[in-house]
Peer 1: 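Here it is, the structure, as structure tokens.
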Amino acid sequence: MRYWLMKSEPSKRNLDDLAAMPNQTIAWDRVRNYQSRNFMRHQMRLGDQVFFYHSCCAQPGIVGLAEVVTLAYPDATQFDRDNRYYDPKATPENPRWFNVEIKLIKRTRLVTIKELRQYPELNKMKILQVRNRLSITPIDPAEWKFILEIC
DNA sequence: GCCAACGTTGGC
DNA sequence: GCCAACGTTGGC
């Protein structure tokens, strides 16, 4: 089993949205970055554990715990001409973008990026590196355990 | 295959 | 709103 941190701007997709979904499960679609896509497509497995993170907001940080409940499949928004995430180069025969679905396990307290930066145990975390822009990053088991205990 | 231009990201 | 970083694009 692997551990991940998945980032989203709350104005686009937030923890309340996830909690309000049927079965508290949401498609992690609209990812248009190859590295993040590849994590979903090639590395995520059923049961992988996920920290749900809010970015680009007043209080960026971890807000919940979730689980990967589907393997990656083609992202429907890439085929929809009216969608802002439409990709003219993608076809159903040859899709470019993929998404998994994640299910809420529980909300956590807000663990802000500011707080995360204070723990030496976490100073290698990708999310804490300067100007990190990857929306999906792997988390070390030791880091996962540490954060789980404080959240 | 290079690389300049451009667009996006995200903490502050 | 700023701005540094960096991924993507496309002309050559």
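Atoms considered below: every heavy atom in the structure, side chains included; atoms not considered: hydrogens, waters and symmetry mates. Each chain gets a letter, A, B and so on, in the order its sequence line appears, and its residues count up from 1.
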Peer 1: Going by side chain to side chain contact (heavy atoms under 4.5 Å, CB included), name the residues that satisfy it together with Thr91(A), two or more places apart in sequence or in a different chain.
Peer 2: Glu93(A), Asn94(A)

Peer 1: With a 4.0 Å cut-off, would you call Arg109(A) and Glu115(A) a salt bridge?
Peer 2: yes

Peer 1: Taking ring pair (Phe, Tyr, Trp, His ring centres under 6.0 Å) as the definition, give me every residue that meets it alongside Tyr34(A), ordered by chain and number, with sequence neighbours left out.
Peer 2: Trp97(A)

Peer 1: Measure the angle between the two terminal helix axes of the helix from dG1(B)-dC12(C) to dC12(B)-dG1(C), five base pairs each, and quote it to 10°.
Peer 2: 10°

Peer 1: Hey, which sits more toward the 5' end of DNA chain C by its nearest nucleotide, Gln35(A) or Lys89(A)?
Peer 2: Gln35(A)

Peer 1: If the condition is ring pair (Phe, Tyr, Trp, His ring centres under 6.0 Å), which residues does Tyr73(A) pass it with, not counting sequence neighbours?
Peer 2: none

Peer 1: If you assign Tyr53(A) and Arg84(A) each to the DNA chain B nucleotide with the nearest heavy atom, which residue ends up on the more 5' nucleotide?
Peer 2: Arg84(A)

Peer 1: 5' to 3' on DNA chain B, which nucleotides open and close the contacts with chain A (atom under 4.0 Å from a heavy atom)?
Peer 2: dG7(B) to dC12(B)

Peer 1: Could you note down all residue pairs passing ring-ring contact (aromatic ring centres under 6.0 Å, His included) where residues 9-31 of chain A supplies at least one of them, sequence neighbours left out?
Peer 2: Trp28(A)-Phe52(A)

Peer 1: Going by the rule ring pair (Phe, Tyr, Trp, His ring centres under 6.0 Å), which residues pair with Tyr3(A) if we only count those two or more places apart in sequence or in a different chain?
Peer 2: Trp144(A)

Peer 1: With sequence neighbours left out, what residues match Asn23(A) under side chain to side chain donor-acceptor pair (under 3.5 Å)?
Peer 2: Lys103(A)

Peer 1: Applying ring pair (Phe, Tyr, Trp, His ring centres under 6.0 Å), can you list everything that pairs with Phe98(A), at least two apart in sequence or on another chain?
Peer 2: none

Peer 1: Could you work out, with side chain to side chain contact (heavy atoms under 4.5 Å, CB included) as the rule, every residue matching Ala76(A), not counting sequence neighbours?
Peer 2: none

Peer 1: Throw together a table of side-chain donor-acceptor distances under 3.5 angstrom for residues 4-14 of chain A, partners on residues two or more places apart or in other chains.
Peer 2:
residue  : atom : partner   : partner atom : Å
Trp4(A)  : NE1  : Asp48(A)  : OD2          : 2.9
Lys7(A)  : NZ   : Leu134(A) : O            : 3.1
Ser8(A)  : OG   : Arg13(A)  : O            : 2.8
Arg13(A) : NH1  : Ala27(A)  : O            : 3.1
Arg13(A) : NH1  : Asp29(A)  : O            : 3.3
Arg13(A) : NH1  : Asp29(A)  : OD1          : 3.1
Arg13(A) : NH2  : Asp29(A)  : O            : 3.1
Asn14(A) : OD1  : Asp16(A)  : N            : 2.9
Asn14(A) : OD1  : Asp17(A)  : N            : 2.8
Asn14(A) : ND2  : Pro10(A)  : O            : 3.0

Peer 1: In residues 110-120 of chain A, which ones come under 4.0 Å of DNA chain B, going by heavy atoms?
Peer 2: Ile113(A), Arg117(A)

Peer 1: Could you pick out which residue, Cys57(A) or Arg133(A), lies toward the 5' side of DNA chain B when each is mapped onto its nearest nucleotide?
Peer 2: Arg133(A)

